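Here is the structure we will look at.
Keep in mind that this is a model prediction, so the values were computed, not measured. Any value given below was found using the heavy atoms of this structure, including those in side chains, with hydrogens, waters and symmetry copies removed.
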Amino acid sequence: MLNWEALERTCMACQKCALADTRHNVVFGVGPRDAEVMCIGEGPGENEDLQGEPFVGRGGKLLDDMLELIDLDRKKNVYIANIVKCRPPQNRDPLNTEQDACIGYLRNQVALLRPKIIVCLGRIAATRLIREDFKITKEHGQWFTKAGVQMTALYHPAAILRDPSKRPDTFQDLKSLQAKIREVCTHTY
């Protein structure tokens, strides 16, 4: 396992898949490296690719607003990363081969961070990290335990922007997340 600096350096130079050929920036992750809560999305979009930070476009603004509702902040107490670190063309879903090429970086981040809670943002992250046949519309907000880590999935912020009727469910999921943080975390709040 690499330390944070070596991992970031290795990730920044990655050429394991074709996404490296079209990226502007590797989007490594952001947040305090002692966070007990980790949010994981599928991959960077255009704004993220240009700025080198996850969730910075309209979806990122919504994510920040969602997190703020339960006293989470990417600068203070939550770490945010993605399954793949480079933008898939036209923001398409990352291919399995691209996820496979990148998953080692995420696993190393998780091992270094040792979060108590992982929040999958959207279907892609949930099917990769919780269960292959995960159904986001039926299972969002439910809790799972894997290797001692509490895991849940929320609708991806982009999905909420496309379909605002998902907001009430997401609000309930956020309140459940807040309760779980109070239950298992020691220094998040």
Side-chain angles (χ1 to χ4, degrees), residues 4 8 25 27-85 87 91 94 105-106 109-110 112-130 134 136-137 139-146 149-189:
W4 281 110
E8 189 165 4
N25 287 292
V27 182
F28 183 71
V30 65
R33 292 178 174 177
D34 67 343
E36 296 175 296
V37 180
M38 183 177 195
C39 292
I40 302 173
E42 61 189 56
E46 182 179 16
N47 291 308
E48 292 77 12
D49 181 38
L50 293 172
Q51 295 180 44
E53 185 172 324
F55 289 92
V56 293
R58 286 180 59 231
K61 170 73 171 104
L62 178 56
L63 177 62
D64 287 344
D65 291 346
M66 289 163 51
L67 295 174
E68 187 180 336
L69 285 173
I70 57 168
D71 301 315
L72 293 178
D73 183 307
R74 67 174 72 210
K75 292 182 175 76
K76 295 178 186 167
N77 59 359
V78 64
Y79 192 88
I80 303 171
N82 283 304
I83 301 284
V84 298
K85 309 300 186 191
R87 178 187 182 210
N91 293 348
Y105 299 129
L106 181 66
Q109 285 174 304
V110 170
L112 288 168
L113 194 65
R114 295 193 334 263
K116 291 190 165 103
I117 296 173
I118 291 177
V119 179
C120 297
L121 299 170
R123 173 185 55 85
I124 301 288
T127 57
R128 185 67 195 220
L129 300 175
I130 296 175
F134 190 91
I136 191 77
T137 53
E139 297 178 285
H140 65 85
Q142 293 181 25
W143 288 95
F144 304 85
T145 304
K146 286 186 79 175
V149 178
Q150 297 295 311
M151 300 183 76
T152 191
L154 303 179
Y155 286 117
H156 193 284
I160 299 167
L161 288 171
R162 283 191 303 273
D163 181 1
S165 72
K166 290 177 171 37
R167 284 178 181 260
D169 283 344
T170 300
F171 182 75
Q172 291 306 314
D173 295 346
L174 288 167
K175 296 313 270 182
S176 171
L177 172 56
Q178 185 177 44
K180 187 63 77 173
I181 291 169
R182 288 188 173 126
E183 178 188 329
V184 303
C185 296
T186 59
H187 66 267
T188 299
Y189 292 143

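- Between the CE atom in Met66 and the CG atom in Leu177 there is a gap of 9.5 Å [rounded to 0.5 Å].
- Atom CD1 of Ile160 sits about 12.5 Å away from atom CZ of Phe171, to the nearest 0.5 Å.
- Contact record, Gly59 with Pro157: O-CB, 3.3 Å, taken as the closest heavy-atom pair.
- Listed here is the closest heavy atom pair of Pro44 and Val84: CD-O, 3.3 Å.
- Residue pairs meeting the salt bridge (charged side-chain N to carboxylate O under 4.0 Å, His left out) criterion with at least one partner in residues 51-60, sequence neighbours excluded, are Glu53-Arg74.
- The two residues Pro32 and Leu113 have their closest heavy-atom pair at O-CD1, 3.7 Å.
- Gln150 and Thr145 share a side-chain donor-acceptor pair at under 3.5 Å.
- Between Ile130 and Cys120, some side-chain heavy-atom pair lies under the 4.5 Å cut-off.
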Test side-chain contact (heavy atoms from CB on, under 4.5 Å) on Asp34 and His187; report intermediate values, then the result. CA-CA 9 Å; Asp34 67 343; His187 66 267; 4.1 Å; yes

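- Annotation for Thr152 and Gln142: closest pair OG1-O, 2.8 Å, computed over non-hydrogen atoms.
- Side-chain contact between Val119 and Val78: absent, with no pair of heavy atoms (C-beta onward) separated by less than 4.5 Å.
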Thr186 and Lys116: side-chain contact (heavy atoms from CB on, under 4.5 Å), yes or no, with the steps?
-> CA-CA 10 Å; Thr186 59; Lys116 291 190 165 103; 3.8 Å; yes

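- Applying the side chain to side chain donor-acceptor pair (under 3.5 Å) criterion to Thr170, with sequence neighbours excluded, gives no partner residue.
- Within the structure, ring pair (Phe, Tyr, Trp, His ring centres under 6.0 Å) contacts touching residues 56-77 (residues at least two apart or in different chains) do not occur.
- At distances below 3.5 Å, not a single donor-acceptor pair connects side-chain atoms of His156 with backbone N or O atoms of Glu42.
- Looking at Leu62 and Phe55, their side chains never come closer than 4.5 Å, going by heavy atoms from C-beta outward.
- Note that SG of Cys39 is 7.0 Å distant from CG of Leu154, once rounded to the nearest 0.5 Å.
- Val30 and Pro54 make their closest contact through CG1-CG, 3.7 Å (heavy atoms, listed as atom of the first residue, atom of the second, distance).
- In this structure the side chain of Asn82 never reaches within 4.5 angstrom of the side chain of Tyr105, judged on heavy atoms.
- Atom CG of Asp73 sits about 8.5 Å away from atom CD1 of Ile80, to the nearest 0.5 Å.
- For the pair Ala153 and Ile136, the tightest heavy-atom approach, listed with the atom from each and the gap, is CB-CD1, 3.8 Å.
- Atom CG of Asn25 is separated from atom CG of Leu50 by 7.5 Å, given to the nearest 0.5 angstrom.
- With sequence neighbours left out, Lys61 forms a side chain to side chain donor-acceptor pair (under 3.5 Å) with Asp65.
- Partners of Thr188 under the side chain to side chain contact (heavy atoms under 4.5 Å, CB included) rule, at least two apart in sequence or in another chain, are Glu36, Val37, Leu72, Asn77, Ile181, Cys185.
- Sorted by first and then second residue, the salt bridge (charged side-chain N to carboxylate O under 4.0 Å, His left out) pairs with a member in residues 158-173 read Asp163-Lys166; sequence neighbours excluded.
- In this structure, the side chain to side chain contact (heavy atoms under 4.5 Å, CB included) partners of Asn91, at least two apart in sequence or on a different chain, are Arg87.
- Taking Thr127 as the reference, nothing meets the side chain to side chain donor-acceptor pair (under 3.5 Å) condition, with sequence neighbours excluded.
- With sequence neighbours excluded, the residues that form a side chain to side chain contact (heavy atoms under 4.5 Å, CB included) with Gln109 are Trp4, Leu7, Phe28, Met38, Tyr79, Ala81, Lys85, Leu106.
- Judged as a salt bridge (Lys or Arg N to Asp or Glu O under 4.0 Å), and not counting sequence neighbours, the contacts of Glu139 are Arg131.
- For Phe144, the ring pair (Phe, Tyr, Trp, His ring centres under 6.0 Å) partners two or more places apart in sequence, or in a different chain, are Phe134.
- Among pairs with a residue in residues 175-185, those fulfilling salt bridge (charged side-chain N to carboxylate O under 4.0 Å, His left out) read Lys180-Glu183, at least two apart in sequence or across chains.
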